[in-house]
Enquirer: 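Let me begin by handing over the structure; questions about it come next.
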Amino acid sequence: MPIIKPVFTATSTIAGDITVATATSVAPTPARFTTFVTAPMVAGGVTSIPAGSFIDDVGATITALPDVTANSYANIYINGVMQPTNVYTLSTTSLNIDDTVTVGAPVIVEFVTHSATSTSTPTSTLSVTTVINT
């Protein structure tokens with residue numbers, strides 16, 4: 001006589017949704033560095049200002065300027081006037097201006113770095129119903 005096995009079939013139904021709410025914030029962080037042009041910085045139609053000539057917002061001398069990255073930018077001001085990017089070269093070691101700047105003129109380098117954070121919160125209203133038939 002053959003073995004008798006029970007046969008069961010199960011059918012499951014899934015209903016509902018999953019929603020995700022995402023909150024993103026972007027925060028700029030500015031840093032400014034100031035110096036005054038001295039005669040040794042101006043030579044041959046170019047003004048070259050070493051990083052060590054700048055002070056930060058609290059008056060401390062710096063050794064290097066920040067590096068401009070994909071999440072940041074820099075603005076250069078001479079006598080309070082923002083300069084176009086094609087008249088200077090900025091690196092971590094110096095600011096080179098393709099022109100003579102008047103001795104005594106204030107030069108400000110402003111760096112702004114952006115940092116972003118995102119938080120996602122999923123909400124599920126899923127339900128599963130299973131029916132077993134014998």
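Only this structure's heavy atoms are used, side chains among them; waters, hydrogens and symmetry mates stay out.
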Enquirer: Quick check: does any side chain N or O of T22 sit under 3.5 Å from a backbone N or O of S120, one acting as donor and the other as acceptor?
Expert: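 It does not hold such a pair.
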
Enquirer: So does V101 get a backbone contact from the side chain of T47, meaning a donor-acceptor N/O pair under 3.5 Å?
Expert: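 A pair under 3.5 Å: yes.
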
Enquirer: With heavy-atom distances below 4.5 Å as the criterion, would you say the side chains of M41 and S48 are in contact?
Expert: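 Of all side-chain heavy-atom pairs linking S48 with M41, none is under 4.5 Å.
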
Enquirer: Do you know the tightest heavy-atom contact between F36 and G104?
Expert: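 Heavy-atom minimum between the residues: CD2-O, 3.4 Å.
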
Enquirer: If every non-hydrogen atom of G45 is compared with every non-hydrogen atom of T100, which pair is closest and at what distance?
Expert: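 That closest heavy-atom pairing would be CA-CG2, 3.5 Å.
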
Enquirer: Compare all side-chain heavy atoms of V37 with those of V42 and state whether any distance is below 4.5 angstrom.
Expert: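 Side chain of V37 against side chain of V42, heavy atoms only: contact under 4.5 Å found.
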
Enquirer: Testing the basics here: between V81 and Q83, what is the closest heavy-atom pair and its distance to 0.1 Å?
Expert: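 So the two residues come closest at O-NE2, 2.8 Å.
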
Enquirer: Is the number of heavy atoms from other residues, nucleotides or ligands within 6.0 Å of CG (L126) greater than 12?
Expert: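 Enclosed.
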
Enquirer: Spell out, yes or no, whether Y88 and V46 are grouped together once hydrophobic residues are joined by side-chain heavy atoms under 4.5 Å, including indirect joins.
Expert: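 No, Y88 and V46 fall in different hydrophobic clusters.
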
Enquirer: State, with a plain yes or no, whether a side-chain heavy atom of S12 is found less than 4.5 Å away from one of T129.
Expert: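 No, too far: nothing below the 4.5 Å cut-off.
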
Enquirer: Are F54 and L65 packed together at the side-chain level, in the sense that at least one heavy-atom pair is separated by less than 4.5 angstrom?
Expert: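 Answer yes - side chains close enough.
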
Enquirer: According to a 4.5 Å side-chain heavy-atom criterion applied to Ile, Leu, Val, Met, Phe, Trp and Tyr, with indirect links allowed, do M82 and I97 form part of one hydrophobic cluster?
Expert: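 Different clusters: M82 never reaches I97 through Ile, Leu, Val, Met, Phe, Trp or Tyr contacts under 4.5 Å.
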
Enquirer: Let me confirm one number: the CG-CG distance from N86 to D98, rounded to the nearest 0.5 Å.
Expert: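 Spacing of CG (N86) from CG (D98) equals 8.0 Å.
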
Enquirer: Which atom pair, heavy atoms only, marks the closest approach of A51 to T63?
Expert: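 In terms of heavy atoms, the two residues are closest at CB-O, 3.8 Å.
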
Enquirer: Atom OG1 of T9 and atom CG of N133: how far apart are they, to the nearest 0.5 Å?
Expert: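 The CG atom of N133 is 4.0 Å from OG1 of T9, to the nearest 0.5 Å.
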
Enquirer: Counting C-beta onward and ignoring hydrogens, is there a side-chain heavy-atom pair between F111 and V68 closer than 4.5 Å?
Expert: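 They are in side-chain contact.
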
Enquirer: Is the shortest side-chain heavy-atom distance between T24 and T117 below 4.5 Å?
Expert: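 Side chain of T24 against side chain of T117, heavy atoms only: no contact under 4.5 Å found.
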
Enquirer: Do the non-hydrogen side-chain atoms of I76 and I108 ever get within less than 4.5 Å of each other?
Expert: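 Not in contact.
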
Enquirer: Return yes if some donor-acceptor pair links the side-chain N/O of S91 with the main-chain N/O of T93 below 3.5 Å, else return no.
Expert: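 Checking the backbone N and O of T93 against the side chain of S91, a donor-acceptor pair under 3.5 Å is found.
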
Enquirer: Does a side-chain heavy-atom distance below 4.5 Å link E110 with Y77?
Expert: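 In contact.
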
Enquirer: So how far is it from F33 CZ to I55 CD1, rounded to the nearest 0.5 Å?
Expert: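 If we round to the nearest 0.5 Å, F33:CZ and I55:CD1 are 10.5 Å apart.
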
Enquirer: Given L90, which partner from the list I49, D67, V109 fulfils the side-chain contact (heavy atoms from CB on, under 4.5 Å) test?
Expert: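 In the set I49, D67, V109, the residue that makes a side-chain contact (heavy atoms from CB on, under 4.5 Å) with L90 is V109.
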
Enquirer: If you measure from NE2 on H114 to CG on N71, what distance do you get to the nearest 0.5 Å?
Expert: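 Answer for the NE2-CG pair, H114 versus N71, is 9.0 Å.
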
Enquirer: Could you grab the distance from atom CG of D17 to atom OG1 of T125, nearest 0.5 Å is fine?
Expert: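 Result: 4.5 Å between the selected atoms.
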
